[in-house]
Amino acid sequence: MSKELAKSYEAKKYEDEIYKHWEKSGFFQPEINKNAEKSYTIVLPPPNVTGTLHMGHAGMLAYEDVLTRFHRMNNFKTLWLPGTDHAAIATQTKVEKIIKEEGTSRHEMGREKFLDRVRQFAQDSHDTIVNQCKKMGSSLDWSREAYTLDETRERAVNSVFKMMYDDGLIIRGERVINWCPRCHSTLADDEVEYKENKTKLYYFKYSKDFPITIATTRPETKLGDTAVAVNPKDDRYKDFIGKTFEVDFVGLKLNIKIIADRHIEMDFGTGALGVTPAHSMVDWQMAEENNLETIKVINEDGNIHEGFGEYSGLSAKEAQKKVVENLEKAKLIEKVEEIDNNLSLCYRCDTPIEPLPSLQWFIDVNKKLDKFDGKSIKEISVQAVKTGVFGREKINIVPNRFEKTYFNWMENLRDWCISRQIWFGHQVPVWYKDNETYCGITPPEGDGWIRDEATLDTWFSSGLWTFSTLAQKPDDIRIENDKLMIDTDDFRNFHPTQVLETGYDILFFWVARMIIMTTYAIKDIPFQDVYLHGLILDDKGKKMSKSKGNVIDPLDMIPKYGTDATRLSLLIGCTPGTDLKISEEKIESFRNLVNKLWNVSRYILQNANIKSQNNLSNIKIKECTLSDKWILSETISLTKTVSNYIRGYQFSLAGEELRDFTWNKLADWYVEASKFENSSQKEEVLSFVLTTLLKLWHPYIPFVTEIIWKEISDTDLIIESWPSETDFNNEWVKFSEKGISEQFKLIQEIIESIRNARSENKVEPSKKVKAIIYAGDKIDLIKENNILLKSLRTGIEDLEIKENGEKIEGEIHGSIEGIEFYLIGAIDQEKEAERIKKEIANLEKMIEMIKSKLDNKAFVENAPEEIVNAEKEKLSKYKEELNKLK
RNA sequence: GGACGGCUAGCUCAGUUGGUUAGAGCGCUACGUUGACAUCGUAGAGGUCACAAGUUCAAAUCUUGUGUCGUCCACCA
């Protein structure tokens with residue numbers, strides 16, 4: 001009857017085979033639960049095809065797999081949909097770096113050849129990523145895999161673009177945008193990063209006859225100044241406001257108007273700002289308000305434009321040097337100060353950003369739309385999280401505090417620049433011919449149309465991800481009744497999705513944009529819940545990076561400790577929205593836990609005829625021992641606790657409960673007890689407990705549980721079902737009310753107390769002793785469980801149980817909950833006296849505390865009665881124990 | 001400048017309506033190998049819950065302030 005498992009669990013022997021088996025079984029596809037009423041959908045945040053997955057991805061896969069497996073086992077029509085993101089700029093930049101090392105550039109290669117190269121790179125990355133996802137055990141439905149740049153997703157992108165274009169939401173215009181001179185592309189506001197650095201602040205006048213000294217860190221841009229702005233309250237400059245001066249600035253003629261703007265800080269520099277409309281966002285706005293001329297100084301390569309005399313053609317840096325030199329020659333510089341400044345950098349290549357005016361495509365986030373009752377897409381997106389839209393409950397962000405962050409960002413959102421000048425991405429679906437412009441989902445008829453060269457911000461396509469992935473082919477997507485239709489069963493079945501699980505670092509980049517794009521396009525929310533995880537850091541709390549050499553690669557950990565242990569290290573100890581430190585040591589300790597489960601199972605399978613046993617009806621409760629009933633009740637409450645924690649995204653707490661049960665309850669107590677107790681119900685009880693435990697563990701550690709399961713059931717997979725919570729309730733009531741858990745706890749405490757007494761008295765572990773117990777009214781309970789008291793490492797060979805009796809002088813003595821025990825013939829007088837002294841001191845301290853509490857009239861009067869009574873009860877119990885000890 | 005978060009045992013962190021002597025894992029100390037497991041077992045040490053004031057019969061928990069570390073947003077010419 002015994003079944004043999006290996007002595008320890010060697011993960012890598014089994015994992016790949018098990019994964020293949022799952023894939024073949026069809027359980028990763030929602031059709032397996034097709035009769036289910038409710039569906040449960042998560043779309044995988046598509047990893048960028050820029051390389052390989054890291055620990056952060058591993059965490060994401062683990063959290064989502066837990067949710068997916070849990071809901072699948074609970075008979076939801078469950079879909080976890082995989083895909084990858086072309087990640088426009090990121091991928092192009094990466095490939096550009098590679099070909100640079102090969103001595104060429106994208107301009108030398110030409111658009112089509114370069115794009116072929118990028119596609120090849122993306123394909124290789126994709127294959128690696130898919131393989132890594134499988135290694136992590138992710139139960140993704142690969143039959144539905146999507147890509148942000150495939151044909152179907154392109155149709156979605158073009159369709160939404162056209163809708164927005166027709167609604168006047170997408171507009172083309174010349175504005176100052178963030179320009180990366182290296183990428184040769186625009187960047188959205190949130191793609192700009194800031195780095196602190198020291199910069200020189202130059203104080204000077206444009207010319208000798210100009211009355212105001214200005215201060216700037218970018219003297220070269222002053223070639224394009226058309227105004228000086230001062231604070232209207234600033235008495236120093238009040239009289240100049242409105243006047244215009246013609247100046248000769250280092251050899252160039254400028255017309256400078258003095259304007260007032262309340263945003264100017266009087267304390268900074270001289271309180272006077274040289275306004276350069278073409279190369280500063282703020283200045284551009286002032287220019288609009290004051291009808292100032294815009295002079296472009298810096299071109300898209302970061303060099304000075306034609307028409308600036310000796311400066312033309314110089315790089316910004318060179319021009320700065322020359323301007324400063326000329327100012328010095330003219331003795332116009334008053335002082336140079338070193339200040340802390342924030343340098344704007346491109347988030348992809350760290351090149352300093354050059355703000356400049358450029359003809360680009362924007363989404364107008366503030367335009368009021370009739371189809372949304374006069375609300376803007378921004379307002380709809382705020383409402384979706386605040387109160388709910390389109391008849392849906394409000395979107396719930398976990399942890400809740402990020403909702404505030406979301407509102408703050410959304411309310412301050414400015415128009416979104418969606419066009420990029422890179423090649424890799426969705427090309428803007430707009431064509432020009434002579435003076436005509438055509439925007440359409442497919443190219444226009446006729447000759448001579450030229451397509452707009454710009455491509456779209458990568459977040460435009462990923463913003464459509466929850467619904468675009470539910471189309472199977474381009475023709476599934478069409479515009480109907482002013483909204484986007486996805487005409488598939490998948491869309492009808494699986495949208496909106498239940499939860500979007502992702503890192504808090506892309507709340508704005510992605511989550512917010514999905515809400516904007518989805519509510520606009522399909523008039524529905526993309527997801528009901530947002531679960532945000534933290535970043536995975538190294539053991540010192542630093543970001544992992546190759547240059548620091550502190551990277552822990554999941555693919556190194558998996559062969560070493562197993563996928564299950566790697567997953568646990570990401571699931572236990574993590575709190576929503578909070579960063580998680582991880583170390584190899586931690587993963588190792590979870591390997592030990594997995595092995596413990598393996599060995600408990602191994603023992604149980606060796607010693608009992610275990611079969612899959614999902615309900616309690618085969619167990620004759622009357623024939624159960626106390627420990628049997630105890631472990632059953634613990635198993636049932638574990639089922640409830642774990643289910644509730646997972647539903648509430650409390651992955652860590654659920655994991656800790658499972659660990660505590662497995663190690664501290666099942667292995668340390670019940671299995672030990674079962675070695676000595678004779679009970680006709682042992683096999684049934686063990687079958688039920690093991691069946692339930694393996695299932696409850698399965699979402700966390702799918703591999704090891706599935707392997708052990710194979711020994712229990714040859715016909716089905718563990719992946720199939722979750723232990724029922726409701727069936728248990730009725731069964732459980734039958735014996736839960738009798739205080740099983742308190743009774744067993746008492747036995748545990750007596751045993752621990754005896755072990756403790758032996759240990760403190762330095763009694764040799766191998767020394768057998770006689771014990772006498774005065775059990776009082778608990779005599780039946782103690783007698784019933786005398787076998788446990790004798791067997792569980794108490795070293796008792798002869799046990800006498802009486803209701804009460806005389807004090808026995810000179811022997812080890814202990815008392816707990818009114819029950820007294822003596823260990824005969826093992827004493828070390830000194831040690832025992834010391835131990836009892838300690839215990840007495842402790843009790844006296846406790847009694848003192850409770851007394852002072854009860855003496856406090858205010859407490860007795862104000863506190864709820866049950867709390868006061870509990871204190872009183874405790875007091876008398878402690879007093880009794882104290883007397884006995886004395 | 002604005003906001004948010006952390007500060008609990010040597011380390012990593014739980015602690016969800018304020019109510020037993022504040023918990024877990026790892027580490028540490030002592031002892032132990034009886035056939036599931038040394039990837040193990042038993043026992044133990046270890047905390048003024050960052051600080052201060054307040055509310056309350058009662059505060060790790062609520063309020064205010066301070067310190068400190070970290071993050072995000074805005075951006076300074």
Side-chain angles (χ1 to χ4, degrees), chain A residues 5 7-9 189-190 194 199 201 214-218 221 229 263-265 267-276 280-283 339-342 344 399 401-402 404-405 408-409 412 504-505 507-508 534-535 539 541 561 565 572-575 577-583 585-586 588-607 648 650 652-653 656 659-660 663-664 667-668 671-672 675 752 755-760 762 764-766 791-794 842 845-846 849-850 853 856-864 866-868 870-871 873-874:
Chain A
L5 289 177
K7 193 169 174 182
S8 61
Y9 175 58
D189 291 343
D190 48 13
Y194 297 91
T199 315
L201 181 67
I214 59 162
T216 183
T217 55
R218 302 277 316 261
T221 64
H263 297 294
I264 304 299
E265 281 182 43
D267 302 340
F268 188 89
T270 60
L273 162 72
V275 180
T276 320
S280 152
M281 304 269 185
V282 186
D283 295 9
I339 59 158
D340 291 320
N341 193 17
N342 268 338
S344 322
R401 64 187 139 91
F402 282 101
K404 230 177 180 173
T405 323
N408 189 274
W409 184 81
N412 293 314
Y504 67 75
D505 53 330
L507 176 64
F508 306 137
L535 307 175
D539 57 341
Y561 303 106
I572 296 182
C574 97
T575 320
T578 305
D579 297 344
L580 177 69
K581 292 178 198 172
I582 204 155
S583 61
E585 198 186 33
K586 199 165 163 184
E588 191 183 347
S589 82
F590 285 112
R591 188 267 322 262
N592 296 355
L593 170 60
V594 170
N595 189 60
K596 186 74 185 183
L597 177 66
W598 175 265
N599 267 292
V600 173
S601 308
R602 177 173 184 244
Y603 174 80
I604 293 174
L605 290 169
Q606 272 173 0
N607 290 282
Q650 310 244 51
S652 184
L653 291 177
E656 281 167 44
R659 168 171 58 192
D660 180 54
W663 211 313
N664 302 344
D668 289 353
V671 166
E672 288 306 312
K675 289 177 182 170
E752 277 168 352
R755 285 174 184 166
N756 180 321
R758 286 182 63 115
S759 168
E760 299 230 319
K762 304 260 183 252
E764 286 291 311
S766 54
S791 316
L792 299 184
R793 291 170 205 270
T794 50
N842 190 31
K845 197 174 112 199
M846 293 301 305
M849 263 173 79
I850 297 171
K853 229 178 193 179
N856 184 348
K857 261 189 199 160
F859 171 73
V860 179
E861 279 164 21
N862 292 322
E866 66 253 36
I867 284 170
V868 178
E871 292 293 322
E873 240 172 72
K874 262 191 299 180

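Every chain is numbered from 1 and lettered A, B, ... according to where its sequence line falls, protein lines coming before strand lines.
- An OP1 or OP2 oxygen of B/C37 is reached within less than 4.0 angstrom by a side-chain nitrogen or oxygen of A/Lys7.
- For B/C75, its base sits under 3.5 Å from the side chain of A/Asn342 at one donor and acceptor pair at least.
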With 3.5 Å as the limit, what N/O pairs link the protein to nucleotides 3-7 of chain B?
{"residue": "B/C4", "atom": "OP1", "partner": "A/Lys404", "partner atom": "NZ", "Å": "3.2"}

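- Between A/Tyr504 and A/Phe402, the ring-plane angle classifies as parallel under the 30° and 60° cut-offs.
- Considering only the side chain of A/Arg591, B/U39 comes nearest among B/C57, B/U39, B/G27.
- Contacts of A/Glu265 with the nucleic acid, taken as non-hydrogen atoms under 4.0 Å apart, include base atoms.
- Inter-residue side-chain proximity for A/Arg401 and A/Lys404 is flagged as unmet; no heavy-atom pair is nearer than 4.5 Å.
- Separating the CD1 atom of A/Ile339 from the C1' atom of B/C75 is a distance of 12 Å, rounded to the nearest angstrom.
- Between the P atom of B/G35 and the CD atom of A/Gln606 lies a distance of 13 Å, rounded to the nearest Å.
- Of the candidate nucleotides B/C37, B/U21, B/G41, B/C37 has the atom nearest to the side chain of A/Asn599.
- For the OP1/OP2 pair of B/G41 and a distance below 4.0 Å, the side-chain nitrogens and oxygens of A/Lys596 include at least one atom meeting the criterion.
- Distances from the side chain of A/Asn607 to the nucleotides B/U21, B/G19, B/A36 place B/A36 closest.
- Between A/Lys586 and B/U12, a side-chain N or O to OP1/OP2 separation shorter than 4.0 Å is absent.
- If you take CG of A/Leu593 and C1' of B/A38, they are 16 Å apart, rounded to a whole angstrom.
- Straight-line distance from the CH2 atom of A/Trp409 to the C1' atom of B/C73: 11 Å, rounded to whole Å.
- Closest non-hydrogen pair, A/Ile264 versus A/Leu273, comes out as CD1-CD2, 3.5 Å.
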Note to self: I'd like to know whether A/Glu752 forms a salt bridge (charged side-chain N to carboxylate O under 4.0 Å, His left out) with A/Arg755, so could you lay out the CA-CA distance, the side-chain angles of the two residues, the decisive distance to 0.1 Å, and finally the verdict.
What the structure shows: CA-CA 5 Å; A/Glu752 277 168 352; A/Arg755 285 174 184 166; 5.1 Å; no

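- The shortest non-hydrogen separation linking A/Lys874 to A/Ile850 is CB-CD1, 3.8 Å.
- When atom types are taken as modelled, the side chain of A/Asp660 and the backbone of A/Glu656 share no donor-acceptor pair closer than 3.5 angstrom.
- For the P atoms, the distance linking B/A14 with B/C28 amounts to 24 Å, nearest Å.
- Using a 4.0 Å heavy-atom distance criterion, A/Glu752 is classed as a sugar-phosphate-only contact.
- For A/Arg793, taking side-chain heavy atoms from C-beta onward, the closest of the listed nucleotides B/A14, B/G41, B/A43 is B/G41.
- Base engagement by A/Leu653 is indicated by at least one non-hydrogen atom pair under 4.0 Å involving a base atom.
- Note: A/Glu585 CD to A/Asp539 CG = 8.5 Å, rounded to the nearest 0.5 Å.
- Checked against B/C40, B/C76, B/C57, the side chain of A/Asn862 finds its nearest nucleotide in B/C57.
- Here, B/G15 and B/A24 have their C1' atoms 10 Å apart, quoted to the whole Å.
- For the atom pair CG of A/Leu535 and CD1 of A/Ile582, the computed distance is 12.5 Å after rounding to the nearest 0.5 Å.
- Residue contacts shown for A/Met849 are limited to sugar-phosphate atoms, with no base heavy atom under 4.0 Å away.
- Closest approach to the A/Ser589 side chain among B/G25, B/U21, B/A43 is made by B/G25 (side chain taken as heavy atoms from C-beta onward).
- Each of A/Tyr603 and A/Pro765 lies near RNA chain B, and the nucleotide nearest A/Pro765 is the one positioned closer to the 5' end.
- At a threshold of 4.0 angstrom between heavy atoms, the contacts of A/Tyr194 include nucleobase atoms, whether or not backbone atoms are also involved.
- Closest to the side chain of A/Asn756, from the set B/G44, B/U39, B/A36, is B/G44.
- With both ends at atom C1', the span from B/U17 to B/U61 equals 11 Å, rounded to whole Å.
- In this structure, A/Leu580 atom CG and B/U71 atom C1' are separated by 16 Å, rounded to whole Å.
- When heavy atoms are screened at a 4.0 angstrom cut-off, A/Val275 is found touching no nucleic acid atom at all.
- Taking a pair as Watson-Crick or G-U wobble with both distances under 3.5 Å, the runs of three or more consecutive pairs in RNA chain B are B:1-7 with B:67-73, B:10-13 with B:23-26, B:28-32 with B:40-44, B:50-54 with B:62-66.
- When distances run from any side-chain atom of A/Asn595 to the nucleotides B/A14, B/A36, B/U39, the shortest one goes to B/U39.
- Closest to the side chain of A/Glu585, from the set B/U21, B/A36, B/G27, is B/G27.
- Distance alone, capped at 3.5 Å, places no donor-acceptor pair between the A/Arg591 side chain and the A/Tyr561 backbone.
- Residue A/Phe590 contributes atom CZ, which lies 15 Å from atom P of B/A24 at whole-angstrom precision.
- For A/Glu672 against B/A36, a side-chain N or O and a base N or O form a donor-acceptor pair under 3.5 Å.
- With A/Asn595 contributing its side chain and A/Tyr9 its backbone, the two residues share a donor-acceptor pair below 3.5 Å.
- At least one donor-acceptor pair closer than 3.5 Å links the side chain of A/Ser280 to the backbone N or O of A/Asp283.
- Straight-line distance from the CG atom of A/Asp539 to the C1' atom of B/G27: 14 Å, rounded to whole Å.
- When the P atom is compared between B/A58 and B/A53, the two are found 15 Å apart, to the nearest whole Å.
- Whole-Å rounding puts the A/Leu5 CG to B/A36 C1' distance at 10 Å.
- Residue A/Lys675 places a side-chain atom within donor-acceptor reach of the base of B/A36, judged by atom type and a 3.5 Å distance cut-off alone.
- If A/Asn856 and A/Ser759 are placed on RNA chain B by their nearest nucleotide, the residue sitting closer to the 5' end is A/Ser759.
- Residue contacts shown for A/Ala272 are absent, as no nucleic acid heavy atom lies under 4.0 Å away.
- Across all strands, A/Ile214 comes closer than 4.0 Å to no nucleic acid atom at all (heavy-atom distances).
- For A/Lys586 (side chain) and A/Lys581 (main-chain N/O), a donor-acceptor pair under 3.5 Å exists by modelled atom type.
- Among the protein residues, A/Arg659 comes within range of the sugar-phosphate backbone only, with heavy atoms under 4.0 Å from sugar or phosphate atoms but none that close to a base.
- Here the closest non-hydrogen pair linking A/Gly573 and A/Ser652 is N-OG, 2.8 Å.
- Among B/G25, B/U42, B/G44, the nucleotide with an atom closest to any side-chain atom of A/Asp668 is B/U42.
- As rounded to the nearest Å, B/C49 and B/C37 have C1' atoms that lie 37 Å from one another.
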